[in-house]
Every structure is written in structure tokens, then in C-alpha cells.
Amino acid sequence: MNRSGRYVAGIGESYWGHPQDGLFIPAGVYDAGDLKVAGNTSPFSALSIWAIPGSVVIRIPDGQYLFETSERLNWLYVFGITFVGGKGAFQHRFTGANVNGRFVFERCVFDNYTECAIGNNAIDQPYLEVRGCTFMAAPKSRAIGIAWGGYADGSVIESNAFLRNRYHVKLGPDPSGSVHIARNDFLRWDRDTALDAAIWLVPATRVGRFDTNAGWGTIISGNKFGNENMAPHDIRLLVAREGAGANRQTRAHMEKFDAGGGSGAFLAGVTIENNRVAATAATASPFMRSWIAEVRNLSYLNNRHDGGLHSWLCEFMGTRSSDYANLNWTVRLDNAGSVLGSSPFAMGVSNALIGPQWDPGATEGLAEETMLFGAGGDDTSFVSLAVADRPNAFTATGKDVMLRPVPDHNGHLRAIDVGGSPQSGIYGLLSGTVAQRMSWITLDLRRGTGAGGKAITVRIFNPATGVTARQLRYNLPSDWRRVRVPFTLPASIKPEGWQFLIQGADSQAPTSFRVARLYVYHGREPKPDAHVTTLGDGKWDGSHIVLGRTHLWEEAGALYMKSDGPPNGPTDGKRLG
């Protein structure tokens with residue numbers, strides 16, 4: 001062996017800069033019993049070991065780790081080595097706070113291990129870096145590729161191939177945030193070795209630390225979630241507490257639902273973006289399965305799905321009892337890789353209310369609304385004008401109209417099939433309307449059973465005045481799609497007379513369409529249609545219009561302008577009229 005560095009006396013506490021003990025390993029195959037990596041002479045425990053990638057194989061005896069220590073370490077650097085056998089390559093048993101240098105594994109191969117390739121047990125240990133490595137556990141084992149937790153801030157797991165593990169990556173408990181899991185391959189190498197999840201996020205469990213250690217800023221980006229040897233029940237992300245076990249490397253997930261509360265577990269602020277999600281036609285599982293209720297502020301952006309669809313974005317394995325309509329818990333969805341207007345999930349976003357959704361592209365066709373009427377939300381900026389969320393809440397209009405209950409996108413009998421004479425449909429009164437408010441009608445639509453149901457018209461009108469606020473024709477899709485139509489109610493002498501009308505667009509063919517979850521609402525603040533205004537008094541010393549250094553204000557019916565800054569009095573400017 002060639003020692004490449006040694007502690008230099010007198011350098012003091014500046015342990016970041018001096019050379020540490022290290023080993024360069026010449027090409028060859030080594031048995032771990034003959035390779036001694038102990039006796040570090042530095043007062044600051046650290047280790048580096050490297051080889052030309054692909055030139056060195058280290059065989060680890062059964063039931064052992066190559067690097068296993070209970071002392072506090074400052075940093076570790078391992079490069080270019082193939083590790084074969086044993087329980088794994090590195091187990092840090094230290095359980096205290098270990099906020100020190102970086103723990104780096106680059107261009108290594110971990111093969112045929114039975115417990116965990118890389119793992120720690122510290123309560124606080126950031127800065128793990130794993131790049132360009134391959135993880136292949138022993139066949140039919142219950143092994144974990146990487147098990148790292150305890151405030152793992154700044155950790156990077158990048159450009160690796162995870163081929164065979166029970167869990168490819170286990171992050172947490174108390175994952176903290178700013179972790180990047182990027183550009184990895186998450187595959188299932190064979191059907192004989194169970195794959196419980198590609199990524200297991202172990203949530204925060206410390207009372208009162210929800211905002212700081214629950215995953216905020218964690219990014220899962222640019223990965224391939226493959227369909228090789230995929231079983232119909234395979235999931236990609238798991239959120240669950242740990243079960244019993246001696247250490248982080250041996251604990252599996254707990255299949256007991258955590259309903260949250262004062263001592264509950266939390267996960268929040270995770271972004272899942274720009275991944276390729278390859279599934280199969282037989283896939284029946286969710287993308288993400290949660291054994292805790294408190295999952296908040298997810299972002300699922302610009303992911304590409306092919307080969308098949310998962311059932312849900314997130315399936316909760318128990319009842320969520322809290323109110324999740326709060327806008328602080330918004331779920332962001334924007335999936336350009338999905339068919340426009342179609343959900344990237346076969347059954348929708350979640351089997352339980354997951355929170356208001358921000359969906360500017362309307363690509364998640366079955367998204368819940370920002371205002372979830374009846375959910376007990378605390379958003380007070382909207383007023384409900386009409387609700388039809390079950391078959392008996394719809395009212396028919398036209399000749400020979402039949403409203404037949406049918407399954408909605410979740411398979412529940414909460415939708416209706418509308419059939420009747422040409423241009424028949426449904427209508428409803430808009431109670432409590434106020435003019436000049438920004439308003440919306442939102443509803444689920446799809447084609448009905450009849451051959452003529454190709455399009456419908458949506459109309460907001462007042463039969464007492466003959467005024468129409470909005471009318472459009474909509475070509476019906478073959479699958480459920482969420483539709484949102486904005487409008488503004490103009491001033492009217494009979495504001496109480498407004499209605500919505502949805503009817504067949506073809507004047508010759510019979511009406512045939514399906515509808516569900518219809519809501520109409522408007523904002524509380526006025527939205528004038530044609531004039532610039534301020535919400536203040538327009539005075540020189542009050543709320544008026546400011547354009548750069550130019551100020552416009554009103555005084556005694558006259559308009560004044562000053563172009564070089566704020567006015568000093570009511571007429572301190574040029575009078576415009």
C-alpha cells in the first residue's frame with residue numbers, strides 16, 4: 001500500500017486544510033481481512049481511500065462491514081473501488097451530532113451486500129455526496145442502498161444506478177431539507193427481490209420542528225423510475241415512519257397510519273420535477289404512498305409518464321381528519337409531459353383531500369379546486385354562488401331530459417349522464433351575485449353515451465334582462481376533464497336573476513354529456529371591467545396612481561399631475577382638467 005498523506009503537526013484546528021491519512025490502492029483483488037484501514041494518526045478522524053475506477057475489488061467477509069465505526073468522523077472520501085459481499089461498505093454507528101466535513105463516495109460499485117451499502121445513525125449529519133455509483137444488493141435480500149438521516153442538509157445523491165434493493169434510498173428520519181436526488185436510475189433488476197420503494201422519505205418526528213426539518217427544499221429531479229421487471233403494486237416514493245430495528249440500516253417502514261397532531265410525523269416542501277416515470281399497462285399502484293396524514297406543500301412539475309399510469313399521485317393509507325383546504329398547504333401541479341387536459345394519474349391526485357392545487361396548465365384534468373366548498377376551508381376571499389356536487393343537486397332544463405347517476409372519475413356515483421332532446425341540459429340559479437366581481441364556473445365534463453354528444457355550450461345569463469355575461473362552446477373529451485370558465489357579471493338592475501345553463505350545442509342531435517362537481521363562485525373585491533381605479537381616495541396625500549416619479553391625483557374634481565416626485569400639496573402639480 002502507498003500512504004499518500006499524513007497529519008502535519010502544528011497546523012492546529014484547521015483540519016480542513018491539512019492532508020489526512022489516505023490510501024491509494026494499486027490494481028488487484030483484495031480480501032478485507034488483509035486490508036487494514038485503521039490507526040489513523042490524525043487527531044481529527046478522517047479517511048480517504050481511492051483507486052483507478054474499475055481496477056480494484058475489495059471482498060468483504062459475510063456478516064461484516066468494511067468501514068464500521070462508532071466514533072465521530074470529520075470526513076470520508078472513497079473513490080473508484082468495487083466492494084463485493086458483506087453486510088455493506090460503510091456503517092457509521094455514531095448516534096450523536098456529526099456536523100463536520102463531507103462524506104463522499106464517487107465512481108464506486110457496491111455489489112452483493114446483504115444489509116446496507118452506505119449508512120449512518122447520527123441525529124444530525126449533513127453533506128453526504130454519492131455520485132456515479134452502482135448499487136446491486138444480494139439476490140432476495142432485504143437490503144437498503146443508502147440509509148442516511150438526521151438533518152441531511154446539503155446532501156447530493158446524483159447520477160447513480162440503483163438496480164436491486166428493498167429500498168434504493170432511505171432518507172430520514174428528520175430529513176431536514178436542501179437534499180438533491182438527481183439524475184439517477186431507479187430500476188428493479190429482477191422479480192425475485194422485493195422492491196418496497198425506490199425512495200423512502202422518513203418524516204420529521206420531533207415536536208415543534210415541522211417547518212425546519214420536515215423536508216423543505218428537497219428536490220427529486222431528472223431521475224428515471226423504470227418499468228423493468230415492474231410488478232403492478234410497485235410504488236416509487238414511500239412516506240412512513242421507521243419500524244423496529246437495531247439501527248437505521250436494518251429498520252423497515254411501519255405500516256401503521258399516523259394521523260398527525262401534536263406528536264405526529266410531518267413531511268413538507270418536497271419538489272418532484274423533470275423525472276421520467278415509466279410504468280406498465282398492469283400498474284395499479286400510486287406513485288407515492290403515505291402512512292402519515294401530514295404531507296403538505298408538494299410540487300409535482302413537468303414529469304413525463306409513459307407505458308402506463310399510476311393510480312394516484314399520493315395514496316393515503318388512513319383517514320385524514322384535519323382541514324386540508326388551507327392555501328398554506330397548496331399542491332403545485334404542472335405536467336407538460338402529460339396529454340393536454342388529461343391527468344397523469346389514472347384515478348387523480350389523491351384518494352384523500354391533499355390540499356388546494358395550483359395547476360396553471362390545466363394538465364391535471366381532475367384537480368380539486370382552490371375553493372373546496374363544504375371542506376371547511378379558511379379562505380375568505382371567495383363567495384359560493386352555486387354548488388352541484390351530487391346527482392340530486394342538478395336541475396334539468398329542456399324537453400324529455402333524463403339525469404341518470406353515473407360514476408365520476410373516482411368511480412363514485414356522484415356524476416350524472418344528461419340525455420334529452422337537442423339543446424337540452426341543466427341549469428341553476430346563482431344566488432347572492434354581485435356585479436363586477438371576477439367569477440368562475442368549474443366542473444368535470446366528458447362525453448355521454450349518446451352518439452350526438454360532441455359539444456356543449458356553457459352560458460352565464462340573466463333572462464330578466466336578456467344579458468349574457470359569458471358563453472362558449474366546448475368540445476367534449478372522451479375522458480373526464482376539469483374545466484374552469486372565468487367571467488365577470490356586468491351591472492344589472494336585477495342582479496338576483498343570473499343563471500348558469502349547460503346544454504347540448506348541436507341543434508339537430510340529441511343532447512348527451514356527463515357532468516360532475518359543478519361550482520360557481522366569485523371574489524369579494526370588485527373587478528371593474530373598463531376603467532383604471534385605485535382602492536384608496538385618490539388624493540395627493542392618499543392612495544393615488546404612481547408611474548415611476550410621476551404622480552396622478554384628484555382634487556375638487558380636477559386631475560393633477562407631477563412628474564418629478566410626490567406632491568407637497570393638493571395642487572402641487574400641473575392641472576390636466
Is there a side-chain contact (heavy atoms from CB on, under 4.5 Å) between T550 and M561 once you walk through the steps?
CA-CA 7 Å; T550 300; M561 179 183 74; 3.7 Å; yes
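- Here the side chain of S290 pairs a donor or acceptor atom with the backbone of I292 at under 3.5 angstrom.
- Interatomic distance, I181 CD1 to T218 OG1, rounded to the nearest 0.5 Å: 7.0 Å.
- Side-chain contact between R446 and R481: absent, with no pair of heavy atoms (C-beta onward) separated by less than 4.5 Å.
- Between H305 and F345, the distance separating the two ring centers is shorter than 6.0 angstrom.
- Contact of the F287 side chain with the Y300 side chain is registered, since non-hydrogen atoms from C-beta on lie closer than 4.5 Å.
- Between the S439 side chain and the H522 main chain, no donor and acceptor come within less than 3.5 Å of each other.
- Using a 4.5 Å heavy-atom cutoff, the side chains of N74 and N98 are not in contact.
- For Y127, the OH atom sits in a loose shell: 12 or fewer heavy atoms of surrounding residues, nucleotides or ligands are nearer than 6.0 Å.
- In this structure, CG in D258 is found 14.0 Å from CE in M317, a value given to the nearest 0.5 Å.
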Please assess Y474 against T457 for the test side-chain contact (heavy atoms from CB on, under 4.5 Å), listing each intermediate value before the final yes or no.
CA-CA 6 Å; Y474 183 75; T457 58; over 6 Å; no
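- Side-chain contact check for H310 and R236: at least one donor-acceptor pair (N or O, by modelled atom type) lies under 3.5 Å.
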Intermediate values then yes/no, salt bridge (charged side-chain N to carboxylate O under 4.0 Å, His left out), E315 and R289:
CA-CA 5 Å; E315 178 185 30; R289 176 171 289 138; 3.3 Å; yes
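- Between the side chain of N160 and the main chain of C133, a donor-acceptor pair closer than 3.5 Å is present.
- The side-chain heavy atoms of V179 and L171, taken from C-beta on, include a pair separated by under 4.5 Å.
- Scanning all heavy atoms of the two residues, the minimum distance from F266 to P203 falls at O-CB, 3.2 Å.
- Contact detail for W498 and V467: the closest heavy-atom pair is CZ3-O, 3.5 Å.
- Within 6.0 Å of atom CD1 in I123, 12 or fewer heavy atoms from other residues, nucleotides or ligands are found, so the atom counts as exposed in its surroundings.
- Between the side chains of N120 and Q125, at least one donor N or O sits under 3.5 Å from an acceptor N or O.
- For the pair N184 (side chain) and I157 (backbone), a donor-acceptor distance under 3.5 Å is present.
- Side-chain contact between D185 and F162 is absent, with no heavy-atom pair separated by less than 4.5 Å.
- Remark: the backbone N or O of A240 is paired with a side-chain donor or acceptor of W200 at under 3.5 angstrom.
- S263 and R241 get closest at one heavy-atom pair: O-NH2, 3.1 Å.
- Annotation for A393 and A388: closest pair CB-CA, 3.7 Å, computed over non-hydrogen atoms.
- When atom types are taken as modelled, the side chain of N303 and the backbone of L301 share a donor-acceptor pair closer than 3.5 angstrom.
- A donor-acceptor contact shorter than 3.5 Å links the side chain of H544 to the backbone of K539.
- Here the CG-CG distance, from L518 to L443, works out to 5.0 Å after rounding to the nearest 0.5 Å.
- Taking the ring centroids of Y519 and F500, they lie at or beyond the 6.0 Å cut-off.
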Before you tell me yes or no, could you show the steps for R517 and D408 under salt bridge (charged side-chain N to carboxylate O under 4.0 Å, His left out), namely the whole-Å CA-CA distance, both residues' side-chain angles and the distance that decides it to 0.1 Å?
CA-CA 9 Å; R517 295 194 307 162; D408 63 8; over 6 Å; no
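- Between the CD atom of E273 and the CD1 atom of I220 there is a distance of 10.0 Å, given to the nearest 0.5 Å.
- Annotation: side chain of L476 is not in contact with side chain of K454 (no heavy-atom distance under 4.5 Å).
- Here the closest heavy-atom approach between residue A415 and residue A516 is recorded as CB-CB, 3.6 Å.
- Residues Y521 and W440 bring their aromatic ring centres within 6.0 Å.
- A donor-acceptor pair under 3.5 Å is absent between the side-chain atoms of E555 and the main chain of A558, judged by distance alone.
- Not a single donor-acceptor pair under 3.5 Å links the side chain of N275 to the backbone N or O of V277.
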Before you tell me yes or no, could you show the steps for K170 and V202 under side-chain contact (heavy atoms from CB on, under 4.5 Å), namely the whole-Å CA-CA distance, both residues' side-chain angles and the distance that decides it to 0.1 Å?
CA-CA 7 Å; K170 175 184 178 182; V202 188; 4.0 Å; yes
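- Note: I502 CD1 to I426 CD1 = 4.5 Å, rounded to the nearest 0.5 Å.
- At a threshold of 4.5 Å between non-hydrogen side-chain atoms, the residues N274 and N223 do not count as touching.
- Taking a cutoff of 4.0 Å between a charged side-chain nitrogen and a carboxylate oxygen, E129 and R102 qualify as a salt bridge.
- For Y427, the OH atom counts as loosely surrounded, since its 6.0 Å shell holds 12 or fewer non-hydrogen atoms of other residues, nucleotides or ligands.
- V515 has its side chain within reach of V418: a pair of non-hydrogen atoms, C-beta onward, lies under 4.5 Å apart.
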How far apart are the C-alpha atoms of L333 and L313, what are their side-chain angles, what is the distance that settles it, and do they pass the side-chain contact (heavy atoms from CB on, under 4.5 Å) test?
CA-CA 10 Å; L333 298 165; L313 167 58; 4.1 Å; yes
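- Here the CH2-CZ distance, from W148 to F103, works out to 5.5 Å after rounding to the nearest 0.5 Å.
- Closest approach of A386 to L429, counting heavy atoms only: CB-O, 3.9 Å.
- Between the side chains of R549 and S563, no donor-acceptor pair is found at a separation under 3.5 Å.
- No side-chain donor-acceptor contact under 3.5 Å links S176 and N213.
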Does the side-chain hydrogen bond (donor to acceptor under 3.5 Å, both in side chains) test come out yes or no for N302 and R304, once each step is laid out?
CA-CA 7 Å; N302 202 35; R304 264 65 176 179; 2.5 Å; yes
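- Remark: the backbone N or O of F316 is paired with a side-chain donor or acceptor of N351 at under 3.5 angstrom.
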